Amino acid sequence: MEYEAVIGLEVHAQVHTRSKMFCACPVVPDTGNLPPNTYVCPVCLALPGALPVVNRQAVALGIRAALALHCAVQPLSVFARKSYFYPDLPKGYQITQYAHPLARNGYLEVDVSQRFCRIGITRIHLEEDTGKLYHGNDGTRVDFNRAGVPLLEIVSEPDMRSPDEARAYAMALRDVLVYLGLNTGDMEKGMIRFEANVSIRPQGSGTLGTRTEIKNLNSFRALSRAVDAEIARQIAILNSGGQVTLKTLGWDAAGEQLFVQRNKEQAHDYRYFPDPDIPPLAVTPEWVASIAASLPELPRARKARWVAHYGLREEDAALLVPDRALAGYFEAAVKHGLGCGVAPQDVANWMTGEVFRLLKARTSGITGARVSPERLAALLRLLYVEDAINVASAKKILEVMFETGESPERVVERLGLSQISDPALLEAVATRVIRDSPTQVAQYLDGKEPLIGWFVGQIMRETRGKAEPGQAQEIARVFLERERSNRF
Ligand code: ADP
Ligand code: MG
Ligand code: ZN
């Protein structure tokens with residue numbers, strides 16, 4: 001029997017606001033590095049009598065994500081209490097949105113190895129994060145710095161059919177959230193976490209099989225490996241005459257193994273009900289419209305534009321698009337380059353080659369780089385348009401530019417990489433070229449004067465482009481004429 005996998009993802013992304021979801025405590029990108037329990041207050045510690053207040057900026061960013069994902073933002077949504085007991089959850093319930101989420105019915109377009117698919121998005125809602133437990137030899141400690149940090153949960157339709165599709169969707173979604181400025185995309189710090197729902201069914205079947213859910217996947221690799229393992233596990237069960245049962249699974253990333261967290265009979269009853277402390281959230285059409293007007297161009301559209309307008313190779317565009325600062329830098333360098341004859345693809349090659357290499361050796365990233373896009377373009381003009389330097393020199397010059405922040409012209413000058421202007425040197429080259437090209441010399445002397453350009457080209461080649469073209473032309477002419485008087 002041939003089986004088809006069906007996958008739906010729930011994605012939790014931290015929303016990068018200044019303060020927490022329901023209180024004024026600060027949100028920092030790296031709560032793990034703070035002294036524990038320093039960014040806390042009566043609200044996020046759930047002290048009696050404390051009242052939550054909805055963070056307007058978190059809602060605005062949620063709407064931003066909803067619009068980028070083509071969802072319908074709901075005029076009214078409701079925060080609910082999801083009750084369960086766990087030591088990292090001070091209130092004994094999590095505030096989330098349940099029956100009435102912030103947004104519904106969207107989609108994300110994804111490219112999976114040259115193929116395009118549209119993954120439906122069921123709903124997007126806002127909720128709060130929990131604290132974090134630290135298990136040590138002397139017991140378990142809890143840190144509430146993260147408790148109450150806003151999260152966006154994005155639930156997909158069961159529209160993915162393979163681990164690759166799930167991974168591509170997750171990566172595309174990460175890119176969008178980073179572009180929108182609501183998440184740093186830093187997977188190592190847990191800024192985005194995935195839960196995968198997996199089922200299988202006979203190929204061609206129109207009904208859904210029983211699903212299992214894999215919790216807490218923290219990397220793209222973990223996501224695709226875990227889904228892959230779960231598909232194989234379910235196929236083995238069906239092939240041996242068994243039945244898949246509802247389960248919540250975990251993934252041991254180090255051992256690359258699934259383990260059972262809960263079976264159906266241990267399922268939680270969350271007892272959802274509207275939080276009486278928080279009025280329904282009303283979002284006006286005017287607010288939605290003003291947020292829609294501020295949406296940036298999204299990664300997939302930007303990539304397509306580069307391919308169409310700049311003639312860029314798809315793979316290079318894919319490398320340059322995801323980091324918005326890098327993409328902006330590239331675009332600026334292309335604009336300066338186009339003004340002086342540098343091809344966008346050459347800019348892309350230098351970005352993904354030398355610039356990436358030089359950035360890797362530094363921690364400052366492209367925004368802290370001492371080379372402006374304009375100066376990168378100027379360097380490439382010297383290389384490709386003016387033929388004033390060769391590739392090896394250009395690499396050296398760029399490295400120095402990164403070190404010192406000098407202009408390419410200045411580095412060329414200082415390191416003596418400029419064109420050769422020493423007449424003795426050029427004369428030696430011209431003598432050699434004329435000696436080695438008897439056929440062309442004869443043709444020239446026979447009256448084929450335009451051949452002078454060919455001799456100039458040879459001199460330029462011999463000097464690896466370092467000769468000054470005007471001077472090369474003059475020397476070629478003088479030497480060829482000398483040859484004429486020698487012969488007649
Ligand atoms: P729950 O809270 O029970 O996990 P959600 O509605 O939050 O329910 O999430 C359900 C997720 O599971 C969605 O991403 C949905 O696409 C996916 N899903 C539902 N049914 C199946 C199925 N039979 N196979 C695979 N994924 C499924
Ligand atoms: Mg779920
Ligand atoms: Zn607080």
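Note that ligands are numbered from 1 as they come in the structure, with each ligand's atoms numbered from 1 the same way. Just so it is clear, the structure is predicted and the values come from calculations on it, not from any experiment.
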If only side-chain N and O atoms count, and only distance matters, is there a donor-acceptor pair under 3.5 Å linking [Y] with [X]?
{"X": "Asp129", "Y": "Gln14", "value": "no"}
{"X": "Thr96", "Y": "His125", "value": "yes"}
{"X": "Thr248", "Y": "Glu213", "value": "no"}
{"X": "Thr140", "Y": "His135", "value": "yes"}

message: Just to be sure I read this right, does ligand 1 sit under 4.0 Å from the backbone of Val155, its side chain, both, or neither, counting only heavy atoms?
response: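 Under 4.0 Å from ligand 1, Val155 contributes side-chain atoms alone.
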query: How does Leu9 reach ligand 1, by side chain, by backbone, by both or by neither, if only non-hydrogen atoms under 4.0 Å count?
result: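 Only the backbone of Leu9 comes within reach of ligand 1.
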query: What does the angle at the Zn ion (ligand 3) come to, between atom SG of Cys25 and atom SG of Cys23, rounded to 10°?
result: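 With the Zn ion (ligand 3) as the vertex, SG (Cys25) and SG (Cys23) sit 110° apart.
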query: Once the angle between the rings of His70 and Tyr107 is folded into 0 to 90°, is it parallel (under 30°), tilted (30 to 60°) or perpendicular (over 60°)?
result: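 Parallel: the ring planes of His70 and Tyr107 meet at under 30°.
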Nitrogen or oxygen atoms of [X] and ligand 1 under 3.5 Å apart:
{"X": "Glu10", "answer": "yes"}
{"X": "Glu153", "answer": "no"}
{"X": "Thr210", "answer": "no"}
{"X": "Pro158", "answer": "yes"}
{"X": "Val198", "answer": "no"}

Heavy-atom donor-acceptor pair, [X] side chain to [Y] backbone, under 3.5 Å:
{"X": "Arg324", "Y": "Tyr179", "answer": "yes"}
{"X": "Glu354", "Y": "Thr352", "answer": "no"}
{"X": "Ser156", "Y": "Leu9", "answer": "yes"}

field: Options Met160, His125, Arg211, ranked by nearest heavy atom to atom 20 (N) of ligand 1, top entry
entry: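 It is Arg211 whose heavy atom sits nearest to atom 20 (N) of ligand 1.
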Closest to atom 15 (C) of ligand 1 among Ala196, Ser156, Ala5, Gly120 (heavy-atom distance):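 Looking at heavy atoms only, the winner is Ser156.
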field: Ring centre gap for Tyr93 and Tyr270 strictly below 6.0 Å
entry: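 Judged by ring-centre distance (under 6.0 Å), Tyr93 and Tyr270 do not meet the cut-off.
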task: Would you name the heavy atoms of Ala196 and Leu217 that are closest together and state the gap between them?
output: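 Between these two residues, the closest heavy atoms are CB-CD1, 4.0 Å.
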Going by the order shown, which atoms of ligand 1 are within less than 4.0 Å of some heavy atom of [X]?
{"X": "Val6", "answer": "24 (N), 25 (C)"}
{"X": "Ser199", "answer": "22 (C), 23 (N), 24 (N), 25 (C)"}
{"X": "Gly209", "answer": "23 (N)"}
{"X": "Glu157", "answer": "16 (O)"}
{"X": "Glu213", "answer": "4 (O)"}

